[in-house]
Chemist: 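A single structure is presented below for examination.
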There are 2 protein chains.
Amino acid sequence: MVLKSSERKHGDIAYAPSPLDGIREIPRLDQQLCFALYSAVNRVTRLYRPVLAALGLTYPQYLTMLALWERSPRTVGALGEALELDSGTLTPLLKRLEKQNLIVRRRDPADERRVMVELTEAGRALRARAAEVPASLACRIAMPPSDLMELRDRVTRFKHHLVDEADADCVSSAGVVAQSR
Amino acid sequence: MVLKSSERKHGDIAYAPSPLDGIREIPRLDQQLCFALYSAVNRVTRLYRPVLAALGLTYPQYLTMLALWERSPRTVGALGEALELDSGTLTPLLKRLEKQNLIVRRRDPADERRVMVELTEAGRALRARAAEVPASLACRIAMPPSDLMELRDRVTRFKHHLVDEADADCVSSAGVVAQSR
DNA sequence: ACATATTCATTCGTACACAATTTAATTGTC
DNA sequence: GACAATTAAATTGTGTACGAATGAATATGT
């Protein structure tokens, strides 16, 4: 019942042979960079959850508060740029923060299209309690700080190398997104 | 209206002073490793979206198919272990794949608690078309393969250093999860 | 001036992600 | 062989993520 599976496309991908029934192509799940990132983020979110629950926040809400603690009256668009989220994601998230009295949202009088998001007193006050979060998380990550910084810089560099628009030269660094060893 | 903000907790975090109104504590958003991971994954998912849409798959569905292409009759639990997802996430996802006729789900006769997930003919056939995905993605990531592999290994190592249970020694590598420069 | 285009946020629909709960089947223990 | 403990998925409820469509406000071109 096994497919023919001999359709080699155009020698475009370097891969290790699959252990299963002669079918080739596509690197294994555990060798793919993108899966590593994907599962790492899920795990990190799970790590943050109990710590942030004490503050009544989810991880994306915590990130939003971090952004607001940096600069407080801010438009939805500016927040979205900082967090790299679109307004369709932020609007309901901000409504939940508003329901918790951590922020207020109001139209910018100067430009009624914009919605200004601003910390409330309670929102600013939460910062003191949130100051313990990084330490709580750190004790759950048994890795030298230098390695963590190195990783952060590499992830950031990776982000900057993602081609947003379809410039599509598509010949350069062939199938190594999901690379084999 | 600015808060007192002079509540230094217990010299637990190394941080750079915030540019804003004297408030300290908590590293900036763009200096946090976890945010870098978080936003990188969102971007990667957006990159995959149009490519996978041609196959009728989302990114988590694609990962699930990758796992099944590696080993096909598999329990929901085994899939969840491979993908690091729980059944609450997997069950509806698998139902959608089943609706597309890519997989079938049936109870294991040997143990009626288990649900076996198996590729259909169409599911196996999809592999040939999916073989182009890594190359399509690679052309959107302008980075040397060696850097990508290095990053993958570092992310994987990072994952392995996350403390799942509350072993909580909590003194070692203080607040560097979200580190400052 | 004014029709057109653009911008900004909201709404809607689809699809994760996970904790907590529920249901069903199996295993241990006696 | 009954029955408590355990295990495996499914279900429920909350909260993201995002594309596409919507609608209101501002910018623009002639």
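So that the names make sense, note that chain A is the first sequence line, chain B the second, and so on, each numbered from 1.
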Chemist: Please verify the inter-ring angle class for Y62(B) with W69(B); under 30° counts as parallel, over 60° as perpendicular, anything in between as tilted.
Modeler: perpendicular
Chemist: Please determine if K95(A) and E98(A) form a salt bridge, counting it only when a charged side-chain N lies under 4.0 Å from a carboxylate O.
Modeler: no
Chemist: Would you mind reporting whether I103(B) and E118(B) have side-chain heavy atoms less than 4.5 Å apart?
Modeler: no
Chemist: Find out whether C34(A) and Y59(B) are in side-chain contact, i.e. whether some heavy atom of one side chain is under 4.5 Å from a heavy atom of the other.
Modeler: yes
Chemist: How about R157(B): does its CZ atom have over 12 heavy atoms from other parts shown lying under 6.0 Å from it?
Modeler: yes
Chemist: Figure out the CG/P separation between D108(A) and dA27(D), and round it to whole Å.
Modeler: 11 Å
Chemist: Could you run down the sub-3.5 Å N/O contacts of the protein with nucleotides 16-21 of chain D?
Modeler:
from    : atom 1 : to     : atom 2 : distance (Å)
dT16(D) : OP1    : T58(A) : OG1    : 2.5
dT16(D) : OP2    : Q61(A) : NE2    : 2.4
dT16(D) : OP2    : R96(A) : NH1    : 3.1
dT16(D) : O5'    : R96(A) : NH1    : 3.3
dA17(D) : OP2    : Y38(B) : OH     : 2.3
dC18(D) : OP1    : R46(B) : NH1    : 2.0
dC18(D) : OP2    : R46(B) : NH1    : 3.4

Chemist: Step through the shown structure and confirm whether more than 12 heavy atoms of other residues, nucleotides or ligands are within 6.0 Å of CD on E112(A).
Modeler: yes
Chemist: Whether K95(A) contacts dT14(D) is assessed here as follows: a side-chain N or O lying under 4.0 Å from the phosphate OP1 or OP2. Is that the case?
Modeler: no
Chemist: Atom pairs, N/O to N/O, protein against nucleotides 4-8 of chain D, distance under 3.5 Å?
Modeler:
from   : atom 1 : to      : atom 2 : distance (Å)
dT7(D) : O2     : R113(B) : NH1    : 3.1

Chemist: Using the rule given for side chain to side chain contact (heavy atoms under 4.5 Å, CB included), can you reason through R28(B) versus E70(A), listing the C-alpha separation, both sets of side-chain angles and the distance that settles it, and then say yes or no?
Modeler: CA-CA 7 Å; R28(B) 286 163 46 99; E70(A) 280 181 33; 3.5 Å; yes
Chemist: Tell me, please, the opening and closing nucleotides of DNA chain C, 5' to 3', among those with an atom under 4.0 angstrom from a non-hydrogen atom of chain B.
Modeler: dA15(C) to dT26(C)
Chemist: State, yes or no, whether a side-chain contact exists between M116(B) and R74(B) at a heavy-atom distance under 4.5 Å.
Modeler: no
Chemist: Around atom CZ of R106(B), are there more than 12 heavy atoms of other residues, nucleotides or ligands at under 6.0 Å?
Modeler: no
Chemist: Show your working on side chain to side chain contact (heavy atoms under 4.5 Å, CB included) between F158(A) and L33(A) and close with a plain yes or no.
Modeler: CA-CA 11 Å; F158(A) 169 74; L33(A) 165 61; 3.7 Å; yes
